[in-house]
Amino acid sequence: MNIAVHTARAPHLVRALEMLARRGAPSPDSLLEELAGITVLVARKFTNERTADRLLEAHYLTIGCISLGIALADIAHDDGSELAFLLKQGAEQVFQAGFRHIRELAGMPNQQIVSAYDKAPDAQQNDIKSLFLKLCKADPNLKWTGDEVYKEDFKARLENQKFINCAKWLRKNHYAGSVILDQSGNKITEMDTDAVINVAVIFSILNDGRIVARINQREIESLVRSVRKAKPNFEAGWRELLKKMPLEYHAFLNKSMNNLKNKIIQKIMSGTELKTIVTEIQNYAGMEQDVDYD
Amino acid sequence: MPDNNAEKANYPAISRQITELVLTGATDHAEAALDEAVEQFGDLAVVEVLEAMEPQIASMYLSAYDGGKLSLATLLISPKAWAMSLAYFAAIWDAEQIEEEPEILAESLFAHIHGVLFASDDLDRRAALIHEALTTDWGTTAFAVLFSTAINEIIELANDIQARGAQAAGQTSSDHDIVPLALAIARTDADAWNRVLFELFPEWQPGENKLLSMSDDHDDGYEDDDEAYSYEDAIGRTTQELLIRLRKQVPGKAKASKHLSMGDDIFS
């Protein structure tokens, strides 16, 4: 089990301002004006600028977002350099940089399944807002770890992105042409990522050189019949599949292979009843199996 | 700033004319000009004119039409613009008035708010007005001022709502004008209701302690201190206290900053 290591500390902006105070130089008016201005803009957009407690919340969000901008900037991370960076760029620029990081994160998938709703503008706006509220709320008197959480979220979403790209690659290289339309001719807007990979893994045991990303029931039946007749070496089939795929996707397929090896693959190779196998593959193939109406 | 606002509106000439008339105190003439605008351009034009008006001007204008007289503005002003204008209602009060005649000030505030809320029977509009006014600090304080003038009714109502919910409650022993107003708030916007109560009784924890008004402990407090109230009871703010709080919330003039801001671009 991984235990996240958090280094508890005050928000970066607060530390930078404390540094400024320690130097004894008067803080530049423009910086304070900027901070106040940003707080009002944040309140107008996200909280409510007409009540004191919502303004306070906007104040915390401002501190957090600027701190995120500082934390993720490509600079040396000691109090002195962070302060120099803040003074040179100005609070608004640094806030904007922080907010862009939030946008970038929101642009990446937060789940492994692709749904038609993901790309809707209000879904994306909601994602930006919820990430902003989650990561950037920094009470200057408390410890803040928004930047650590950001990095973890970023890693998780990057992994999702790769996972989805892997399934997209399989769909694109589907033996019967890229998977775009379903059987009734409607555009497919959703993707059950796990299922696409499972299908490809299951169907490659035949080692007939095909890449299969989407199936229907008849294909399952013919797969089982062919496998029982030809008795192929399923691991050879998998090696062939992996050879065709970009290296970065291998991990996802290996995982699925290990997972399926002693379960459904065993059953296909042995004499388990066809009906049982069809039902079981349906579980693995999820939404990636077209429904047969006959 | 006024020029800025007027240019944004579609009817800059009317906006400027009305602003000037209000500033010179000729609210009747302003009303006539609005009336003409309605004839010529329709209701929506006036809504826009009122929207573009600076809140302190709108406040002056609306306060000239309280209770008895009805203005077009009372019916047409957008909930948001009205909420902003409320911030300036207390601008003309001075410390002496608050000290000596809090009832008169509270009364004029009541006439104004009641007038705007109950000018039409459009329930959606009333709900929007209540909602917008009570998502501001000053609006919350203004409503608390009204409540403080009938503190015993409000205590009765608050306990009733706490016990039975806003829809079922409402039978009070009094026919004070404040009761329908308070009920309208509690029934359309529970959050708003809680905010006003909190402004009026900052120490109230429903179920934990009991609501008390200042007048209560003056009445019986001297005879039997211990039984009349305990220090844990939530004692309401007085009308006077609330008027002072409201007066303090009137926005001052913001100093124009020399600093050039990126504005909304910070979110791009």
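Each chain gets a letter, A, B and so on, in the order the sequences are listed, and its residues count up from 1.
Residues A:Gln96 and B:Ser268 come closest through the heavy atom pair NE2-OG, 3.2 Å. The two residues A:Thr51 and B:Thr135 make their nearest non-hydrogen contact at CG2-O, 2.9 Å.
For the atom pair CG of B:Leu134 and CZ of A:Arg50, the computed distance is 10.5 Å after rounding to the nearest 0.5 Å. Of the inter-residue distances, the one linking A:Thr62 atom OG1 with B:Ile266 atom CD1 reads 7.5 Å to the nearest 0.5 angstrom.
The 12-atom threshold is exceeded at CZ of B:Phe118, counting heavy atoms of other residues, nucleotides or ligands nearer than 6.0 Å.
Neither the backbone nor the side chain of A:Val40 comes within less than 4.5 Å of any heavy atom in chain B. Neither the backbone nor the side chain of B:Ala87 comes within less than 4.5 Å of any heavy atom of chain A.
Using a distance-only test at 3.5 Å, with no hydrogens or angles considered, a donor-acceptor pair links the side chain of A:Arg103 to the main chain of B:Phe267.
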